[in-house]
**Student:** 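If you scroll down you'll find the structure; I have some questions about it.
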Number of protein chains: 2
Amino acid sequence: MHTLSKNQQIIFDIIDKSPEPMKAYSILFNVQKKGIKAPLQVYRALDKLVEIGKIHKIESRNAFIACQNSSCQVSKATAFSICESCEKVTEINNSSLSKYLSNFKDKAGMKYSKYNLEFFGLCKKCITK
Amino acid sequence: MHTLSKNQQIIFDIIDKSPEPMKAYSILFNVQKKGIKAPLQVYRALDKLVEIGKIHKIESRNAFIACQNSSCQVSKATAFSICESCEKVTEINNSSLSKYLSNFKDKAGMKYSKYNLEFFGLCKKCITK
DNA sequence: TACATAGTGTTATATTATAACATTTAAATT
DNA sequence: AATTTAAATGTTATAATATAACACTATGTA
């Protein structure tokens with residue numbers, strides 16, 4: 001198991017506590033009281049946390065969320081649902097889906113080592129508004 | 001069928017001719033000789049071209065490619081393979097995959113209106129290097 | 001014509017991300 | 001414990017990506 005460094009722990013904690021994905025400069029603003037002053041300090045921690053699978057980047061939003069999936073050691077197979085109204089993001093943990101995608105081969109026979117899937121729609125709350 | 005405006009056509013043409021995804025400022029550089037001088041002129045055309053499905057954004061790369069799929073009118077169901085070595089990107093057109101994903105429902109019962117999937121790996125050329 | 005909608009041109013600025021280099025800390029090896 | 005190595009930190013500067021705001025022009029349609 002990986003032990004986080006000081007900066008990594010600070011930045012993981014704030015992402016983990018957040019109910020929604022956080023952007024890098026919002027993270028920076030929120031950790032300045034803890035002594036983290038520069039964007040690079042944030043980005044380096046983010047890079048490492050993504051690498052070890054503790055957080056994921058929501059590519060379409062340039063934002064980061066803590067991994068919701070206890071069995072997810074590395075960010076090799078990620079899927080998210082994104083509400084286009086309230087921007088709520090949920091990590092999808094569905095074994096049928098992950099099996100289907102992990103075994104997917106395209107016509108050219110290329111075998112993939114990683115995928116990222118983002119679904120967009122309206123969440124239950126927003127659909128009734 | 002949609003008629004492209006002058007700027008939209010210029011920008012679509014250069015993306016369509018490119019063998020690889022193009023980034024916004026690379027597009028800008030390449031169309032300055034045609035009188036397009038400012039980032040916004042590029043981004044506005046890109047937004048519209050994405051909206052009508054003539055191009056797609058590769059989110060993990062902040063880059064744009066022309067739609068390879070003649071039946072794809074709108075960018076509601078996109079899938080790409082991305083070589084992490086040479087950065088070659090190919091649009092995946094696989095009816096089993098698109099059916100599976102279009103019909104996918106998560107546990108919360110949320111029904112999605114759109115998805116984007118990016119596979120990562122090594123293409124055939126790069127795998128033998 | 002006149003009205004509405006979409007597109008253009010422009011300047012300025014916001015947001016996201018990395019380069020480069022010096023230093024410090026932690027971990028692994030002897 | 002001392003040495004070595006890898007990982008992490010701190011800092012300044014800057015690159016790369018993207019949007020706000022406003023004035024104006026072209027196009028389609030009643």
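Below, each value reflects all heavy atoms present in this structure, side chains not excepted, and no hydrogens, waters or symmetry copies. Per chain, numbering begins at 1; letters A, B, ... match sequence-line order.
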**Student:** For B/Ala24 and A/Ile36, find the nucleotide of DNA chain D closest to each by heavy atoms; which residue's nucleotide sits nearer the 5' end?
**Tutor:** A/Ile36

**Student:** Report the nucleotide, chosen from C/dG7, D/dT9, C/dA17, that has the shortest atom-to-atom distance to any side-chain atom of A/Tyr25.
**Tutor:** C/dA17

**Student:** With a 4.0 Å limit, can you tell me whether A/Lys6 has a side-chain N or O closer than that to the phosphate oxygens OP1/OP2 of D/dA8?
**Tutor:** no

**Student:** Counting N and O atoms only, with roles assigned by atom type, does the side chain of B/Gln8 sit under 3.5 Å from a partner on the main chain of B/Ser5, one being a donor and the other an acceptor?
**Tutor:** yes

**Student:** Starting at CG of A/Leu4 and ending at C1' of C/dT25, how long is that distance when rounded to a whole Å?
**Tutor:** 16 Å

**Student:** Considering the terminal five base pairs at each end of the helix from C/dT1-D/dA30 to C/dT30-D/dA1, what angle separates the two local helix axes, rounded to 10°?
**Tutor:** 50°

**Student:** Rounded to whole angstroms, how far apart are CE on B/Met22 and C1' on D/dA16?
**Tutor:**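 From B/Met22 CE to D/dA16 C1': 15 Å.
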
**Student:** In this structure, how many angstroms lie between the C1' atom of C/dG9 and the CG atom of B/Leu28, rounded?
**Tutor:** 13 Å

**Student:** Can you measure A/Gln8 atom CD to C/dA26 atom C1' for me and round it to whole angstrom units?
**Tutor:**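 It works out to 12 Å between those atoms.
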
**Student:** Using a 4.5 Å cut-off on heavy atoms from C-beta on, say whether the side chain of B/Ile82 contacts that of A/Tyr112.
**Tutor:**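 A side-chain contact under 4.5 Å is absent here.
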
**Student:** Determine whether the side chains of A/Glu59 and B/Ser60 contain a donor N or O and an acceptor N or O closer than 3.5 Å.
**Tutor:** no

**Student:** Measure across B/Ile15 and B/Phe64 and return the closest heavy-atom pair with its distance rounded to 0.1 Å.
**Tutor:**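 Here B/Ile15 and B/Phe64 meet closest at CG2-O, 3.7 Å.
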
**Student:** Do the side chain of B/Thr128 and the main chain of B/Lys125 share a donor and acceptor less than 3.5 angstrom apart?
**Tutor:** yes

**Student:** Within this structure, what is the CD-to-C1' distance between A/Glu51 and D/dA7, rounded to whole angstrom?
**Tutor:**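 For the pair A/Glu51 CD and D/dA7 C1', the rounded distance is 11 Å.
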
**Student:** Is the backbone of B/Met22 close enough, under 3.5 Å, to the side chain of B/Ser26 for a donor and an acceptor to pair up by distance?
**Tutor:**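 No; judged by distance alone, with no hydrogens or angles, the pair does not exist.
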
**Student:** Over all heavy atoms of both residues, which pair between A/Ala79 and A/Leu97 is shortest? Give the atoms and the distance, please.
**Tutor:** CB-CD2, 3.9 Å

**Student:** Please check: side-chain N/O of A/Glu91 versus main-chain N/O of A/Gln68, any donor-acceptor pairing under 3.5 Å?
**Tutor:**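 Yes, because the side chain of A/Glu91 sits within donor-acceptor range (under 3.5 Å) of the backbone of A/Gln68.
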
**Student:** Just the rounded figure in Å: distance from P of C/dG7 to CG of B/Leu46.
**Tutor:** 14 Å

**Student:** Between residues 58-66 of chain A and DNA chain C, which residues have a heavy-atom gap below 4.0 Å?
**Tutor:** A/Asn62

**Student:** Return the residues of residues 38-45 of chain B meeting this criterion: a heavy atom under 4.0 Å from some atom of DNA chain D. Order them by number, or give none.
**Tutor:**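 Result for residues 38-45 of chain B: B/Leu40, B/Tyr43, B/Arg44, sorted by number.
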
**Student:** For B/Phe120 and A/Tyr115: C-alpha separation, side-chain torsions, deciding distance, then whether ring pair (Phe, Tyr, Trp, His ring centres under 6.0 Å) applies.
**Tutor:** CA-CA 6 Å; B/Phe120 304 89; A/Tyr115 67 79; 9.3 Å; no

**Student:** Calculate the interatomic distance between B/Lys37 atom NZ and C/dT8 atom C1'; express it in whole Å.
**Tutor:** 12 Å

**Student:** Mark yes or no for whether B/Lys17, through its side chain, and B/Phe12, through its backbone, hold a donor-acceptor pair below 3.5 Å.
**Tutor:** no

**Student:** Return no unless some side-chain N or O of A/Lys23 is found under 4.0 Å from OP1 or OP2 of C/dT16.
**Tutor:**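 It does, given that an N or O in the side chain of A/Lys23 lies less than 4.0 Å from OP1 or OP2 of C/dT16.
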
**Student:** Between atom CG in B/Asp47 and atom C1' in C/dA6, what is the gap in whole Å?
**Tutor:** 14 Å

**Student:** Does D/dA7 have its OP1 or OP2 closer than 4.0 Å to a side-chain nitrogen or oxygen of A/Asn7?
**Tutor:** no

**Student:** Looking only at side chains, do A/Tyr100 and B/Ser96 share a donor and an acceptor under 3.5 Å apart?
**Tutor:** yes

**Student:** Can you check whether A/Lys48 has a side-chain N or O nearer than 4.0 Å to OP1 or OP2 of D/dA8?
**Tutor:** yes

**Student:** Any donor and acceptor pair, going by atom type alone, linking the side chain of B/Lys107 with main-chain N or O of A/Asn94 inside 3.5 Å?
**Tutor:** no

**Student:** Using OP1 and OP2 only, check whether a side-chain N or O of B/Ser5 sits under 4.0 Å from D/dA26.
**Tutor:**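 Looking at the OP1 and OP2 atoms of D/dA26, neither is under 4.0 Å from any side-chain N or O of B/Ser5.
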
